[in-house]
**Student:** 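Structure incoming, see below.
Lettering follows sequence order; numbering is per chain, from 1.
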Amino acid sequence: MPTPVITATDLVKRFGDFDAVKGISFEVAPGESFGLLGPNGAGKSTTMRMVGAVSPRTGGELSILGLDPNRYGPEIRSQLGVVPQSDNLDVELPVLQNLIVYGRYFGLPRALVKQRAGELLEFAQLTDKAKTKIDDLSGGMKRRLTIARALINDPRILLLDEPTTGLDPQARHILWDRLFRLKEQGTTLVLTTHYMDEAEQLCDRLVVVDKGQIMAEGSPASLIRRYSSREVVELRFGSARNASAAEQLAGVGERIEVLPDRVLIYADDGERALEAVRGRGLEAITSLVRRSSLEDVFLRLTGRSLIE
Amino acid sequence: MSAVEASVRAEGRSSRWLGSVFAGNPGAVMSRSWLATRSTNWLVVASGFLEPVLYLLSLGVGLGTLIGTVDTGGRQVSYAAFIAPALLATSAMNGAVMDSTFNVFFKLNFGKLYEGMLATPLGPLDVALGEILMALLRGALYGLAFMGVMAAVGLTLSWTALLALPALLIIAFGFASLGMGVVSFMKTFTQLDWIFFVLLPMFLLSSTFFPITVYPPAVRIVIECLPLWHGIELVRGLTTGVITPALLWHVVYFAGMVAVGLVLATTRLKALFLK
Ligand SMILES: Nc1ncnc2c1ncn2[C@@H]1O[C@H](COP(=O)(O)OP(=O)(O)O)[C@@H](O)[C@H]1O
Ligand SMILES: [Mg+2]
């Protein structure tokens with residue numbers, strides 16, 4: 001494996017007497033697309049801020065591009081592109097100037113910044129909005145502009161904290177398409193998300209985080225293979241009946257999970273499991289056979305679902 | 001060894017505390033402010049400048065005819081020439097404080113501008129210095145315009161009045177720094193009001209409208225600790241041509257004010273945004 005661009009070892013972050021990150025370790029290789037998947041409050045943003053050299057760690061070791069962020073903050077930040085969880089565009093400046101002014105923060109020459117800003121507006125599909133005020137942009141446009149802004153210094157690592165949270169499905173797909181292009185061009189991406197579909201689409205490798213700790217690590221496919229069956233049967237009997245129905249289903253499939261709104265049966269062959277359910281004389285209000293996803297991995301690891 | 005690591009080594013930067021809070025690029029913060037001045041409320045800017053001019057006309061010219069001359073450092077000058085330098089120093093203060101408190105207060109508490117800046121190589125000292133230098137410019141601009149008015153009505157009594165220009169820069173620098181340093185601790189509008197609660201009596205009492213010799217010694221000591229008094233004495237010495245070594249102490253006072261303000265603002269930005 002080539003020298004990692006990020007190495008975190010037993011990384012800890014404490015706020016007062018609360019441990020937001022409790023000793024996590026991971027490495028990111030150059031060109032890799034690496035994800036932190038976990039529910040709200042897992043410590044994803046806190047980790048990203050430490051990696052972004054804007055939050056000093058409480059304990060452990062951290063090396064970004066071979067440098068310690070405690071000592072080389074400005075040097076590290078000059079090589080990063082950062083898309084924070086909530087947009088922090090400069091609302092006093094129009095779209096194009098947001099990019100140019102931001103580029104100047106990196107000490108880059110004006111001519112270079114202007115040229116890149118034009119190209120990045122193209123990339124973000126915002127060329128016709130160059131003179132628009134930030135407040136007049138839609139949520140998806142703001143997000144794309146924030147990503148364009150993060151690329152103004154041609155960063156070696158792009159950090160994306162929940163890039164599509166709060167966007168409608170169409171805006172999300174446009175954004176995924178842009179991020180996929182960056183990935184194809186070999187940009188190193190580090191992203192956090194609590195959407196399993198986003199993680200599956202964009203991450204080569206990910207860690208599942210919960211309560212400040214890493215629960216599992218691997219590619220989306222390998223995690224699903226390791227922690228879940230091939231298929232899942234989702235059954236809804238109505239919230240009052242789910243638990244009692246599940247009792248009668250004991251032994252069907254490999255494993256059964258009971259959630260407040262549905263019962264999940266994990267099995268390699270979903271259709272056969274569904275037949276077995278019917279064989280026991282149980283009729284669900286709705287039933288569905290689907291492939292296992294990272295959502296199931298998370299449920300298996302923590303006993304909770306990702307989005308509560 | 002990565003390319004970045006190599007370049008860092010080659011540069012041999014070893015002053016780590018400064019290195020971690022300063023990237024040597026406050027100019028980028030200044031030019032951003034300059035571009036953002038488009039959204040400035042010019043009426044507020046104009047009123048900040050007009051206030052001392054109105055004082056000069058009403059009190060200096062109006063009241064001045066009743067008062068006649070005033071003794072300053074052994075020299076008799078007209079009342080208008082006595083208060084004009086005080087108002088000059090005050091206008092530099094107004095410009096600097098207005099910019100470094102109101103504007104910065106909003107950015108600190110409501111905007112996310114600084115968060116965005118600090119994710120780049122810029123450090124808190126770049127941000128603080130950039131904002132302070134912009135405030136300084138505004139203060140200096142007010143001062144310059146006011147000095148134009150003074151010269152036009154014949155209230156600059158000596159060639160040393162030219163030295164009042166760099167003096168204005170120093171005064172504005174001091175007030176801008178301390179202003180940002182103090183406001184970075186404020187969370188509410190009530191606290192912001194306190195600044196003006198302090199500025200008004202300081203303006204009225206700092207030997208602006210009458211010589212400090214009218215006060216009993218105890219009060220005098222208090223007044224002589226106030227920054228505006230130092231600013232006024234400095235400018236008054238220069239515009240009336242009463243040059244004494246004491247002027248140097250005023251400069252030292254402002255240098256201290258700049259240092260305290262910069263350290264406060266930098267420390268506070270670090271505590272707020274880099275936690
Ligand atoms: N500045 C802070 N002060 C105190 N607690 C914080 C701070 N930032 C985050 N936390 C806490 O740390 C935990 C992890 O937060 P965060 O990293 O934002 O989670 P995530 O991004 O995974 O949703 C949360 O419980 C949050 O309340
Ligand atoms: Mg978060």
**Student:** How many angstroms lie between atom CZ of B:F106 and atom CD of A:E92, to the nearest 0.5 angstrom?
**Tutor:** 11.0 Å
**Student:** Looking at A:K211, I'd like to know if its NZ atom is crowded, meaning that more than 12 non-hydrogen atoms belonging to other residues, nucleotides or ligands lie closer than 6.0 Å.
**Tutor:** no
**Student:** Say whether, by atom type as modelled, one donor and one acceptor occur between the side chain of B:N25 and the main chain of A:R104 under 3.5 angstrom.
**Tutor:**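 Yes; at least one donor-acceptor contact below 3.5 Å.
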**Student:** Step through the shown structure and confirm whether more than 12 heavy atoms of other residues, nucleotides or ligands are within 6.0 Å of CD on B:Q191.
**Tutor:** yes
**Student:** At a heavy-atom distance under 4.5 Å, which candidate from A:P56, A:G81, A:P69 has the highest pair count against chain B?
**Tutor:**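 Looking at each option in turn, the highest pair count goes to A:P56.
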**Student:** Check each atom of A:D87 against the heavy atoms of chain B and say whether the ones under 4.5 Å are side chain, backbone, both or neither.
**Tutor:** backbone
**Student:** State, with a plain yes or no, whether a side-chain heavy atom of B:R32 is found less than 4.5 Å away from one of A:Y102.
**Tutor:**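 Counting from C-beta outward, B:R32 and A:Y102 never come under 4.5 Å.
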**Student:** In terms of heavy-atom pairs under 4.5 Å with chain B, which of A:D90, A:T46, A:L159 leads?
**Tutor:** A:D90
**Student:** Tell me whether the count of non-hydrogen atoms from other residues, nucleotides or ligands lying under 6.0 Å of CD in A:E61 goes above 12.
**Tutor:**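 No, not enclosed.
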**Student:** State the CG-CZ distance between B:L122 and A:F106, to the nearest 0.5 angstrom.
**Tutor:**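 So the CG of B:L122 and the CZ of A:F106 are separated by 8.0 Å.
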**Student:** Tell me which one of B:V127, B:D126, B:T120 satisfies side chain to side chain contact (heavy atoms under 4.5 Å, CB included) with A:Y105.
**Tutor:** B:T120
**Student:** Quick one: are B:L113 and A:N88 in side-chain contact, heavy atoms under 4.5 Å?
**Tutor:** no
**Student:** Sort B:F273 into side chain, backbone, both or neither according to what part of it lies under 4.5 angstrom from a heavy atom of chain A.
**Tutor:** backbone
**Student:** Determine the option with the most heavy-atom pairs under 4.5 angstrom with chain B, choosing from A:P84, A:S86, A:A53, A:G107.
**Tutor:**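 Heavy-atom pair counts peak at A:S86.
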**Student:** Are the side chain of A:Y72 and the backbone of B:S20 linked by a donor-acceptor contact shorter than 3.5 Å?
**Tutor:** no
**Student:** Counting only non-hydrogen atoms closer than 4.5 Å, does A:V54 touch chain B with its backbone (N, CA, C, O), its side chain (CB onward), both, or neither?
**Tutor:** both
**Student:** Distance-only, no hydrogens or angles: does the A:S55 side chain make a donor-acceptor pair with backbone N or O of B:K275 under 3.5 Å?
**Tutor:** yes
**Student:** Under 6.0 Å from the CZ atom of B:F197, do we count more than 12 heavy atoms belonging to anything else shown?
**Tutor:**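 No, the 6.0 Å shell around CZ holds no more than 12 heavy atoms from other groups.
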**Student:** Determine whether more than 12 heavy atoms belonging to other residues, nucleotides or ligands lie under 6.0 Å from atom CZ of A:F123.
**Tutor:**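 More than 12 heavy atoms, drawn from other residues, nucleotides or ligands, come within 6.0 Å of this atom.
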